[in-house]
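Single-structure report; data block below.
A quick note: this is a predicted structure, and the numbers were derived from the prediction, not measured. These values consider heavy atoms only, across backbone and side chains, with no hydrogens, waters or symmetry-generated copies.
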Number of protein chains: 2
Amino acid sequence: MKIEDAIKSNAMPDGRKTAIHIMYTANAIQDKSAEILKPFGITPPQFNVLRILRGQKGKPANLCTIQERMISKMSNTTRLVDKLITKGLVNRVTCEENRRKVEISITEEGLKLLSEIDEPIDLQNENIIKNLSSEEIEQLNNILEKIRG
Amino acid sequence: MKIEDAIKSNAMPDGRKTAIHIMYTANAIQDKSAEILKPFGITPPQFNVLRILRGQKGKPANLCTIQERMISKMSNTTRLVDKLITKGLVNRVTCEENRRKVEISITEEGLKLLSEIDEPIDLQNENIIKNLSSEEIEQLNNILEKIRG
DNA sequence: AAATAACAATTGTACATACAACTAATGTAA
DNA sequence: TTACATTAGTTGTATGTACAATTGTTATTT
């Protein structure tokens, strides 16, 4: 279904149409992710942070490092991390080399939770590209790269 | 810049990479929009609703109609409309044919605000596609369509 | 060394969003 | 016509997010 029909709109300039199409698609993906994550008691941004920390392979990360790497940059990562601490999924200690910084790391419990979530999320991700050829996947990523500039 | 580098990640399965890339790009677009809209005192979802109402060309819309057409479906459109009413940008009256429904319409003030916002937002939208050929724009929209299923 | 600037994170506060429970109106079935 | 179900929106409440002001720490300047 064309995006114009999905949002019951008439013809639009290419720029507006494309911008809306990207955001519309992204929201649909994110809503679906949120639904998958909900039974596990975490939100998409929290999941994103947990995966960033897992990617550190034991090495802790600063708040600003996490923020840089987040899919959706947000203006209160402190409180997002607070939630994860409350849930026992991450640890926070002040950095000894630079006491302004904090060192955040994922706990065993956090790793265990991620390992449970991996499968359903990977299934969703595979589902996203299931109608695309490998050429199309490559084209899409190249075009998105150009958009990001 | 590759998305893997943007989020400082290693190689990922195609599905995950593509999902992240779409959401990352959409968030960047939305953040930029929010920045443009801020001086006008409205948020992206509020702007979206105003444009939906303008598209009605005088004919009012129900809450559920608005919700259907929104880029980002949300679970409290009542309060979003409340905000727009407070700002004098839209009107709400109960529908006479079916008193469960409400009829929401954009005010003159709302139209005036939109007309001021149109130019900066269109500029942003054009900027998004400025590095793309018309073939690429078409490819992108076709691929996103396939993803939406 | 003292003063100032820059940096990293936290906190206060206002605002936005999600979700379930609820109200009210209409439609349907017995 | 009563009873029940469905529809459309609203409200309570909890949670999430934005942004500016603040705290504490380190770096730079004079």
Side-chain angles (χ1 to χ4, degrees), chain A residues 23 26-28 30-50 53 60-87 89-105, chain B residues 23 27-28 30-50 60-87 89-105:
Chain A
M23 292 190 287
N27 277 313
Q30 193 152 353
D31 287 355
K32 182 67 189 161
S33 297
E35 194 184 313
I36 293 169
L37 294 174
K38 207 182 160 196
F40 297 100
I42 61 171
T43 62
Q46 288 168 4
F47 177 60
N48 187 208
V49 169
L50 288 179
L53 293 175
N62 303 320
L63 249 198
C64 59
T65 306
I66 292 175
Q67 218 154 358
E68 266 174 21
R69 300 182 185 184
M70 286 177 75
I71 296 169
S72 165
K73 275 72 183 138
M74 55 171 285
S75 58
N76 219 329
T77 313
T78 297
R79 290 219 176 90
L80 195 155
V81 168
D82 284 346
K83 294 283 159 168
L84 293 173
I85 292 171
T86 304
K87 290 170 187 160
L89 303 173
V90 310
N91 281 322
R92 173 170 52 196
V93 296
T94 61
C95 175
E96 281 310 315
E97 295 85 59
N98 187 340
R99 299 177 50 73
R100 285 174 297 192
K101 299 189 180 184
V102 293
E103 290 184 331
I104 298 152
S105 51
Chain B
M23 293 190 286
N27 277 314
Q30 194 153 352
D31 286 355
K32 182 68 188 159
S33 298
E35 196 183 313
I36 293 170
L37 295 174
K38 206 182 160 195
F40 297 99
I42 60 171
T43 62
Q46 289 169 2
F47 177 61
N48 188 208
V49 168
L50 289 179
N62 304 319
L63 249 199
C64 58
T65 305
I66 292 175
Q67 219 157 357
E68 266 174 22
R69 299 182 185 184
M70 288 176 73
I71 296 169
S72 166
K73 275 68 183 142
M74 55 170 284
S75 57
N76 219 331
T77 313
T78 297
R79 290 217 177 92
L80 195 155
V81 168
D82 286 346
K83 294 284 158 165
L84 293 174
I85 291 172
T86 303
K87 290 168 187 160
L89 304 173
V90 310
N91 281 323
R92 173 172 50 195
V93 296
T94 60
C95 174
E96 280 310 315
E97 295 86 57
N98 186 339
R99 300 178 47 73
R100 283 174 299 191
K101 296 189 180 182
V102 292
E103 289 184 334
I104 298 153
S105 51

Task: Nucleic acid contacts - residues 72-85 of chain A versus DNA chain C, non-hydrogen atoms under 4.0 Å - done: A:N76, A:T78, A:R79
Open item on the list: Is there a side-chain contact between B:Q46 and B:L37 in this structure, where contact means two heavy atoms from C-beta onward sitting under 4.5 Å apart?
Closed with: no
Task: A:R79 and A:M74, any side-chain heavy atoms less than 4.5 Å apart - done: no
- [ ] May I have the distance from A:M70 (atom CE) to D:dG16 (atom P), rounded to whole angstrom?
- [x] 13 Å
Open item on the list: Nearest whole Å is fine: how far is D:dG16 P from A:Q30 CD?
Closed with: 14 Å
Open item on the list: Categorize A:E103 for me: base, sugar-phosphate, or nothing, with a 4.0 angstrom heavy-atom threshold over every strand shown.
Closed with: nothing
- [ ] Applying side-chain hydrogen bond (donor to acceptor under 3.5 Å, both in side chains) between B:Q67 and each of B:T78, B:T77, B:N76, report the one that passes.
- [x] B:T77
- [ ] Specify the residues of residues 92-101 of chain B, ordered by number, for which at least one heavy atom lies under 4.0 angstrom from an atom of DNA chain D.
- [x] B:R92, B:R100, B:K101
Task: Pairwise 5' ranking along DNA chain C for A:N62 and A:D31, keeping only the more 5' one - done: A:N62
Task: A:V81 and its side chain to side chain contact (heavy atoms under 4.5 Å, CB included) partner, picked from A:L53, A:T86, A:L63 - done: A:L63
TODO: In whole angstrom, give the distance that lies between atom CG of A:N48 and atom P of D:dG16.
DONE: 15 Å
- [ ] May I ask you to evaluate whether B:Q67 reaches the phosphate of D:dA8, defined as a side-chain N or O under 4.0 Å from OP1 or OP2?
- [x] no
Task: Nucleotide range of DNA chain C lying under 4.0 Å from chain A heavy atoms - done: C:dA6 to C:dA20
